[in-house]
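What follows is a short report on a single structure.
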Amino acid sequence: MLAALTVVLVTACAAVAWVIYQNTYALREERVTITGGVQPLQGVLAWPKHRDGPTGLVVFVHGDGPVDATHDTFYRPIWEAFARAGYASLSWDKPGIHGAPGDWLEQSMHDRAEETIAAIAWAKRQPGIDPGRIGLWGASQAGWVMPEVAVRLPELRFVIAVAPAVNWLRQGRYNLLAELGADADPTVVRAELARRNETLALLEAGAPFERYRDSVADAGEMTPDRWRFILKNYTADASAQLAMLRVPVLLILGGHDRHVDVAETEAEYRRLLPAPQRLEVRHYPDATHAMVRHSIERSSARTFLVAVTAPRSLFATGFLDDQRAYLTRLP
């Protein structure tokens with residue numbers, strides 16, 4: 001009995017030690033307040049654990065939703081990869097998250113670009129940051145923010161765009177059809193597309209939420225704040241800014257992305273970027289929109305287990321190493 005109990009205790013201790021080890025990163029995180037914009041931002045500056053002299057900086061631009069500075073710790077493996085390339089990472093809670101001032105649902109994509117530009121100006125003044133080695137990393141909705149920032153700040157060294165869309169409306173239609181699936185009943189597809197067209201007509205008319213709620217059969221999870229957010233942003237299109245971009249771009253795309261039409265995104269980036277040699281494209285066939293391995297994400301239980309016990313393994317093979325190598329290769 002005692003021997004069995006000992007084995008159980010040793011196994012439990014080993015499991016706890018393993019989880020602690022897997023969730024320990026070669027980083028030194030510093031909570032910061034980023035000033036200079038419309039409102040102060042509550043952020044995290046993640047430094048390489050060991051550094052010699054000023055370090056470059058990757059500024060994170062979130063995708064959609066109520067995201068905090070660490071994205072519920074999801075960013076930390078990425079920060080660590082960048083730290084191994086000699087770069088710090090800067091990220092912040094979206095306005096209104098964890099008590100931060102403001103409300104992210106009141107922001108347009110232009111507002112988010114202004115916020116990012118102010119954060120970069122703040123970062124350039126921080127001791128230990130090399131102002132000549134600053135770039136952007138952003139996912140999904142950041143695809144409508146980063147091109148504006150990079151056009152207005154051509155001194156940026158790079159943009160890493162993870163599963164970005166180019167046009168809000170085309171992205172929404174693709175997502176709707178992808179969620180319905182290739183085997184969906186054609187009657188259902190026609191009904192959903194008709195409902196989408198009805199919603200678009202309301203948006204074009206600038207209708208208030210109450211009119212949307214009364215007109216559309218099923219408002220679903222739509223809230224008044226979300227409706228106003230969509231009203232501000234549904235015409236977003238990155239084409240014009242992409243055509244003016246002079247900053248090197250690493251475009252990262254997943255093979256199981258149901259949110260963004262990756263084929264269209266790649267075609268548009270290749271067509272619009274004025275200097276094709278500045279564009280590098282990486283495909284991860286087993287990756288979802290979040291760059292998590294599809295074999296993991298399709299099971300919520302498995303996703304949780306891997307996130308707790310081996311968070312670096314969530315990502316598609318090569319995703320972390322390829323970004324580190326990209327930063328290392330930059331002149």
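Numbers for residues simply follow the sequence, beginning at 1.
Distance check, rounded to the nearest 0.5 Å: CD of E114 to OG of S108 gives 8.5 Å. Between R213 atom CZ and L202 atom CG the span is 12.5 Å, to the nearest 0.5 Å. The distance from the CG atom of L177 to the CG atom of L193 is 5.5 Å, given to the nearest 0.5 Å. Note that CD of E106 is 11.0 Å distant from CZ of F229, once rounded to the nearest 0.5 Å. Summarising the geometry, atom CG belonging to L169 is positioned 7.5 Å from atom OH belonging to Y234; distances are rounded to the nearest 0.5 Å. Between the OH atom in Y326 and the CZ atom in F158 there is a gap of 7.5 Å [rounded to 0.5 Å].
For the residue pair E297/T303, the side-chain donor-acceptor check at 3.5 Å is not satisfied. Side-chain polar atoms of E30 and W47 form a donor-acceptor pair below 3.5 angstrom. Of the N and O atoms on the side chains of Q141 and R112, at least one donor lies less than 3.5 Å from an acceptor on the other residue. Looking only at atom types and distance, the side chain of D237 has a donor-acceptor partner in the side chain of S239 under 3.5 Å away.
With T265 contributing its side chain and P164 its backbone, the two residues share a donor-acceptor pair below 3.5 Å. Between the side chain of N233 and the main chain of Q107, a donor-acceptor pair closer than 3.5 Å is present. Looking at Q42, its side chain never comes within 3.5 Å of a backbone N or O of T33 through a donor-acceptor pair. Side-chain atoms of R133 do not come within 3.5 Å of backbone N or O of P131 as any donor-acceptor pair.
Listed by first then second residue, pairs satisfying side chain to side chain donor-acceptor pair (under 3.5 Å) with a partner in residues 119-128 read K124-E155, not counting sequence neighbours. Identified under the side chain to side chain donor-acceptor pair (under 3.5 Å) test for residues 248-261, with sequence neighbours left out: D257-H289.
In terms of hydrophobic clustering, with Ile, Leu, Val, Met, Phe, Trp and Tyr side chains grouped at heavy-atom distances under 4.5 Å, L279 and V262 are assigned to a common cluster.
If you run side-chain contact (heavy atoms from CB on, under 4.5 Å) between L250 and each of I160, L327, V159, D322, only I160 comes through.
Applying the side chain to side chain donor-acceptor pair (under 3.5 Å) rule to E192 yields no partners; only residues at least two apart in sequence or on another chain are considered. Under the rule for a side chain to side chain donor-acceptor pair (under 3.5 Å), R324 has no partner lying at least two apart in sequence or in another chain.
Within 6.0 Å of atom CZ in R173, 12 or fewer heavy atoms from other residues, nucleotides or ligands are found, so the atom counts as exposed in its surroundings. By the 6.0 Å contact criterion, CG on D185 is enclosed, its count of non-hydrogen atoms from other residues, nucleotides or ligands being greater than 12.
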Which pairs of donor and acceptor atoms, one on a side chain in residues 142-149, lie under 3.5 Å apart (sequence neighbours left out)?
from, atom 1, to, atom 2, distance (Å)
W144, NE1, V166, O, 2.9
E148, OE2, H110, ND1, 2.7
E148, OE2, R152, NH1, 3.0

Per-pair distances, 0.1 Å, donor-acceptor, side chain in residues 71-78, under 3.5 Å, sequence neighbours excluded:
from, atom 1, to, atom 2, distance (Å)
Y75, OH, H62, ND1, 2.8
R76, NE, E29, OE2, 2.6
R76, NH2, E29, OE1, 3.1

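Centroid-to-centroid, the aromatic rings of F60 and W92 stay 6.0 Å apart or farther.
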Determine, stepwise, if the pair W227 / Y212 fulfils ring pair (Phe, Tyr, Trp, His ring centres under 6.0 Å).
CA-CA 9 Å; W227 178 255; Y212 165 81; 4.4 Å; yes
